[in-house]
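Note sheet for the following structure.
Letters A, B, ... mirror the listed sequences (proteins, then strands); counts begin at 1.
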Number of protein chains: 2
Amino acid sequence: MIEGVSVLMEQVHPPVTDLRLSKILAALADPGRLATVRTLAQKGESPCTRLQQDAGLQISRSTFSHHQKVLREAGILLVRVRGAERILSLRRDDLDSRFPGLLDLVLNTPEKLI
Amino acid sequence: MIEGVSVLMEQVHPPVTDLRLSKILAALADPGRLATVRTLAQKGESPCTRLQQDAGLQISRSTFSHHQKVLREAGILLVRVRGAERILSLRRDDLDSRFPGLLDLVLNTPEKLI
DNA sequence: CCCGTATGTCGATAACCATCGAACGTCGAA
DNA sequence: TTCGACGTTCGATGGTTATCGACATACGGG
């Protein structure tokens, strides 16, 4: 870095009271992000690179990072740091309490109906 | 029209077996379209102009026509012709049978959480 | 303290989408 | 048959989004 100032790269997670349906629908409307969410639900929690592979997304790391950001800022993903990795997981309880049935519906829909 | 060929303007309605979650989520992700669906559920069936007014959408007729098309092609709306009007209604049964709980969730979500 | 792995950020580009006005088609009524 | 109301289609425009490569940052291990 040129300047001596550190860039923190802090992860922004909206509080549960800030979750909005329109944001969540917009985040889930992308096929790649929908696949990411569904894969994450199967695998439990997972680091970024692993999740991208498991979801079968053939996109660059920077693009996946962008999608992860959209899902996180919509309140769908939780990101925590473990060493050099970012561990992703679903905010199941928050989503269920605010929009009951939404996540279950998305996860239980057969692959063919996606 | 310049040519003598008639333009039919037929309404395309996908059969229930063609409905796809990603299409439906994408259609509902737009705030104006979401408002349209929620208003239509309250009012029952309604012609275009009336629905646009009831939903409070301050957009041109051509733009509303575009949104109506997106909702129709996603399988959310049914359009039937009555004289010079197009009467819009929700495909409740089709949506419920294919994606149980989705429409209810969208309709029951409080305005403040949209 | 250098290195490899993991990931975020930036700037650019292309694709997509919402929006509009203008022109057109269709219908019912005058 | 002329008119007005209703709605669609078209072409253009602007804004948003998906995508990438290059670079920067962070961590743990040698």
Side-chain angles (χ1 to χ4, degrees), chain A residues 1-13 22-23 25-36 40 45-55 57-74 77-89, chain B residues 1-13 22-23 25-36 40 45-55 57-74 77-89:
Chain A
M1 198 163 188
I2 309 225
E3 312 290 327
V5 181
S6 165
V7 174
L8 296 179
M9 292 193 300
E10 285 183 5
Q11 305 290 348
V12 177
H13 292 94
S22 52
K23 272 252 183 189
L25 291 178
L28 296 177
D30 181 272
R33 290 195 290 260
L34 194 53
T36 299
L40 190 54
E45 56 182 29
S46 178
C48 286
T49 304
R50 173 84 174 283
L51 178 58
Q52 180 180 348
Q53 291 175 350
D54 289 343
L57 300 182
Q58 321 247 331
I59 54 179
S60 70
R61 287 171 297 122
S62 57
T63 299
F64 186 79
S65 184
H66 162 68
H67 287 315
Q68 177 259 54
K69 182 180 180 182
V70 173
L71 289 169
R72 175 170 46 77
E73 292 181 345
L77 291 189
L78 179 68
V79 184
R80 64 186 169 79
V81 179
R82 187 179 65 186
E85 292 179 324
R86 303 294 202 275
I87 309 297
L88 307 184
S89 57
Chain B
M1 200 168 186
I2 313 242
E3 312 292 327
V5 181
S6 164
V7 174
L8 296 179
M9 295 193 297
E10 285 183 6
Q11 306 290 347
V12 177
H13 291 95
S22 51
K23 272 254 185 189
L25 291 178
L28 295 177
D30 180 89
R33 290 195 292 257
L34 194 53
T36 299
L40 190 55
E45 56 181 28
S46 181
C48 287
T49 304
R50 173 84 174 283
L51 179 58
Q52 180 179 349
Q53 290 175 349
D54 289 343
L57 301 182
Q58 320 248 331
I59 54 181
S60 70
R61 286 171 298 128
S62 57
T63 299
F64 186 79
S65 183
H66 162 68
H67 288 315
Q68 177 260 62
K69 182 181 180 181
V70 173
L71 289 169
R72 175 170 46 77
E73 292 182 345
L77 290 189
L78 179 69
V79 184
R80 62 185 170 81
V81 178
R82 188 179 64 188
E85 292 179 326
R86 302 293 202 275
I87 309 296
L88 307 184
S89 58

Handout entry: Contact check, side chains of A:Leu40 and A:Leu77, non-hydrogen atoms, under 4.5 Å
Key = yes
Exercise for the section: Answer yes or no: does a side-chain N or O of B:Gln68 lie under 4.0 Å from OP1 or OP2 of D:dG7? Expected result: no
Practice task
Under the side chain to side chain donor-acceptor pair (under 3.5 Å) rule, collect the residues that match up with A:His66, sequence neighbours excluded.
Solution key: none
Nucleotide N/O to protein N/O under 3.5 Å, stretch nucleotides 17-21 of chain D:
residue : atom : partner : partner atom : Å
D:dA18  : OP1  : A:Arg33 : NH1          : 3.2
D:dA18  : OP1  : A:Arg33 : NH2          : 2.9
D:dA18  : OP2  : A:His66 : NE2          : 2.8
D:dT19  : OP2  : A:His67 : NE2          : 2.5
D:dC20  : OP2  : A:Ser60 : N            : 2.7
D:dC20  : OP2  : A:Ser60 : OG           : 3.1
D:dC20  : OP2  : A:Thr63 : OG1          : 2.9
D:dG21  : O6   : A:Ser62 : OG           : 3.0

Practice task
Determine yes or no for a side-chain-to-main-chain donor-acceptor pair under 3.5 angstrom, with B:Gln52 supplying the side chain and B:Ile59 the backbone.
Solution key: yes
Practice task
Check whether any side-chain N or O of A:Gln11 sits under 4.0 Å from OP1 or OP2 of C:dT7, and answer yes or no.
Solution key: no
Exercise for the section: Would you indicate whether the side-chain heavy atoms of A:Gln68 and A:Leu88 approach each other to under 4.5 Å? Expected result: yes
Handout entry: With A:Ser60 via side chain to side chain donor-acceptor pair (under 3.5 Å) - residues at least two apart
Key = A:Ser62, A:Thr63
Problem - Gap between atoms CD and C1', on B:Glu73 and D:dT9 respectively (whole Å) - result: 13 Å
Problem - Residues that B:Arg61 engages under side chain to side chain donor-acceptor pair (under 3.5 Å), provided they are two or more places apart - result: none
Handout entry: Whole-Å distance separating the CZ atom of A:Arg82 from the C1' atom of D:dA26
Key = 16 Å
Fill in the blank from the handout: Rounded to whole Å, the CG-C1' distance (B:Leu71 to D:dG7) equals 16 Å
Handout entry: Contact under 4.0 Å: B:Gln52 side-chain N or O vs D:dG7 OP1/OP2
Key = no
Practice task
Among the candidates D:dT8, C:dA6, D:dC6, find the nucleotide nearest to the side-chain atoms of B:Arg86.
Solution key: D:dT8
Problem - Between D:dC6 (C1') and B:Gln53 (CD): distance, integer Å - result: 12 Å
Problem - Rounded distance (Å) that lies between atom P of D:dC27 and atom CD1 of A:Ile87 - result: 14 Å
Practice task
Rounded to the nearest angstrom, tell me the gap between atom NZ in A:Lys69 and atom C1' in C:dA6.
Solution key: 18 Å
Fill in the blank from the handout: Here DNA chain C, pairs taken as Watson-Crick or G-U under 3.5 Å and shown with ( ), [ ] when crossing and | when to another strand, reads ||||||||||||||||||||||||||||||
Practice task
May I have the distance from B:Leu77 (atom CG) to D:dG7 (atom P), rounded to whole angstrom?
Solution key: 13 Å
Problem - By salt bridge (Lys or Arg N to Asp or Glu O under 4.0 Å) - contacts of B:Glu73 (at least two apart) - result: none
Handout entry: Side chains of B:Arg50 and B:Glu85 in contact at under 4.5 Å (non-hydrogen atoms)
Key = no
Exercise for the section: Give a yes or no on whether the backbone of A:Ala27 and the side-chain of A:Arg33 come within a donor-acceptor separation of less than 3.5 Å. Expected result: yes
Problem - For atom CG of B:Leu51 and atom P of D:dC6, their distance in whole Å - result: 14 Å
